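Everything below concerns the one structure shown next.
Position 1 is the first residue of the sequence, and the numbers go up from there. Counting convention: from 1, in listed order, for ligands and their atoms alike. The structure presented is a predicted model; accordingly, all values stated were derived computationally and were not measured.
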Amino acid sequence: NVEKARKHGGSEEERKTWFPRRIQDLDHTPSNTLSFGTDLDPDHPGFNDPIYRKRRKEIIEIAVNYRHGQPIPKVEYNTEEVATWSTIFRHMTQLHPTHACLEFNNMFSLMVEHCGYKENVIPQLQDVSDFLYSRTGFTLRPVAGFLSFRDFLAGLAFRVLHATQYIRHSSKPMYTPEPDACHELLGHAPLLADASFADFAQQIGLASLGVSDECIKRLGVCFWYTFEFGLCRQDGKLRAYGGALLSSFGELEHCFSDQSVMKPFDPPKTALEEHPITKYQHVYFVSESIEEAKQKLLDYTKTIPRSFVVSYDPSDRRIEIINS
Ligand code: TIH
Ligand code: FE2
């Protein structure tokens with residue numbers, strides 16, 4: 001049993017750098033999610049709302065009990081949750097034409113046409129997962145909250161996005177300190193329908209498998225400032241492609257204001273930055289294009305020491321290891 005082997009087998013270092021080899025092994029990865037109240041700031045907008053906490057717990061049960069291969073159970077969202085989604089949907093779709101990159105806007109139109117994206121209904125994870133699978137082989141897997149970089153990136157190696165299913169607290173639609181379904185669906189899903197961006201995400205994932213804690217941290221920070229908070233230039237204009245910007249109208253507007261600091265994306269340097277997780281970022285990283293970010297990150301991953309090479313078999317959704 002994989003879980004047992006992970007906990008008891010091998011040396012400390014081997015246990016730490018264990019990684020899933022088959023997609024089913026993801027059932028054993030997300031052991032610890034950060035949760036608000038303990039790991040996250042108690043100034044979380046839902047912290048003092050017992051009704052919200054109870055609802056969130058109900059939805060998280062789905063992720064806790066989920067096993068690979070099962071359909072993701074549907075959630076019947078209540079009026080308050082749908083209203084929060086509507087507010088975010090309205091604001092974000094107003095900002096997309098001027099703030100989001102072209103690839104995102106193209107894919108977003110597809111989601112509206114073929115995947116039921118609209119203002120007054122929250123899409124179900126399973127429906128979005130099916131759509132992404134048909135486009136790029138990506139699927140969604142429900143998760144209870146923030147994952148460690150190691151566990152989150154391991155999912156990307158298999159073209160799996162760990163996705164939360166609960167909705168942020170209704171008092172603060174413009175920004176939430178932790179991922180929620182609005183973030184996954186509005187921020188990440190559209191770009192994962194784009195073939196080139198899907199490759200980009202998987203490359204980061206593959207590069208993370210089995211590397212040391214220190215290397216995971218650096219790769220994770222590069223992931224943070226691209227996949228979550230990345231910006232690029234298109235036709236001389238600044239455009240967001242990071243999912244955490246594309247699901248937060250508060251942070252997107254902050255980022256485009258004169259209060260934010262921009263630096264060129266340069267993985268060896270970017271990797272050493274701080275990365276606040278429950279506040280607006282103090283710095284953002286800009287690439288000349290998404291392609292450029294992808295290439296720079298790929299070059300960077302080649303400098304990460306690892307004694308083997310990995311390759312992905314998409315028909316089996318399995319990782320092959322070539323010892324070198
Ligand atoms: N801050 C994002 C939002 O409000 O949509 C959610 C997060 C993504 C990543 C970290 S927090
Ligand atoms: Fe995210």
Do any N/O atoms on [X] end up under 3.5 angstrom from N/O atoms on ligand 1?
| X | value |
| --- | --- |
| S247 | yes |
| R168 | yes |
| E178 | no |

Between R21 and D316, does any side-chain N to carboxylate O distance fall below 4.0 Å?
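The answer is no: the pair does not qualify as a salt bridge.
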Would you call R159 and D199 a salt bridge, using N to O less than 4.0 angstrom?
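Judged by the 4.0 Å cut-off on N to carboxylate O distance, R159 and D199 do form a salt bridge.
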More than 12 foreign heavy atoms under 6.0 Å from CD1 of I51: is that the case here?
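Counting neighbours around CD1 of I51, 12 or fewer heavy atoms of other residues, nucleotides or ligands fall under 6.0 Å, so no.
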Between C182 and ligand 1, which part of the residue brings a heavy atom under 4.0 Å of the ligand: side chain, backbone, both or neither?
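Within the 4.0 Å criterion, C182 makes no contact with ligand 1.
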Can you tell which part of W224 has a heavy atom less than 4.0 Å from ligand 1: side chain, backbone, both or neither?
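Near ligand 1, W224 shows its side chain, while the N, CA, C and O stay back.
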Can you sort out which atoms of ligand 1 are near [X], meaning under 4.0 Å from one of its heavy atoms?
| X | value |
| --- | --- |
| P177 | 11 (S) |
| F146 | 10 (C) |
| A244 | 8 (C), 9 (C) |
| S248 | 3 (C), 4 (O), 5 (O) |

Apply salt bridge (charged side-chain N to carboxylate O under 4.0 Å, His left out) to D313 and list each qualifying residue two or more places apart in sequence or on a separate chain.
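Partners of D313 by the salt bridge (charged side-chain N to carboxylate O under 4.0 Å, His left out) criterion come out as none, since no residue qualifies.
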Taking atom types as modelled, is there a side-chain donor on D49 or H169 under 3.5 Å from an acceptor on the other?
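There is such a pair between these side chains.
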Pair W85, E119: side-chain N/O donor-acceptor within cut-off below 3.5 Å
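Their side chains do not contain a donor-acceptor pair, so the 3.5 Å distance test is not met.
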In the protein, what heavy atom is nearest to atom 4 (O) of ligand 1, and what distance, to one decimal place, separates them?
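Answer for atom 4 (O) of ligand 1: T176 N, 2.9 Å.
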Restricting to N/O/S, name the atom of E228 that gets closest to the Fe ion (ligand 2).
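Of the nitrogen, oxygen and sulfur atoms in E228, the Fe ion (ligand 2) lies nearest to OE2.
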Report the relative orientation of the aromatic rings in F229 and Y284; use parallel for angles under 30°, tilted for 30 to 60°, perpendicular for over 60°.
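Answer is tilted, since the angle falls between 30° and 60°.
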Side-chain heavy atoms nearer than 4.5 Å, only ILVMFWY residues, links allowed to pass through others: does that put L26 and I321 together?
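Yes, L26 and I321 fall within the same hydrophobic cluster.
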Winner among Q281, H275, H183 once heavy atoms are compared against atom 8 (C) of ligand 1:
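Of the listed residues, H183 has the closest heavy atom.
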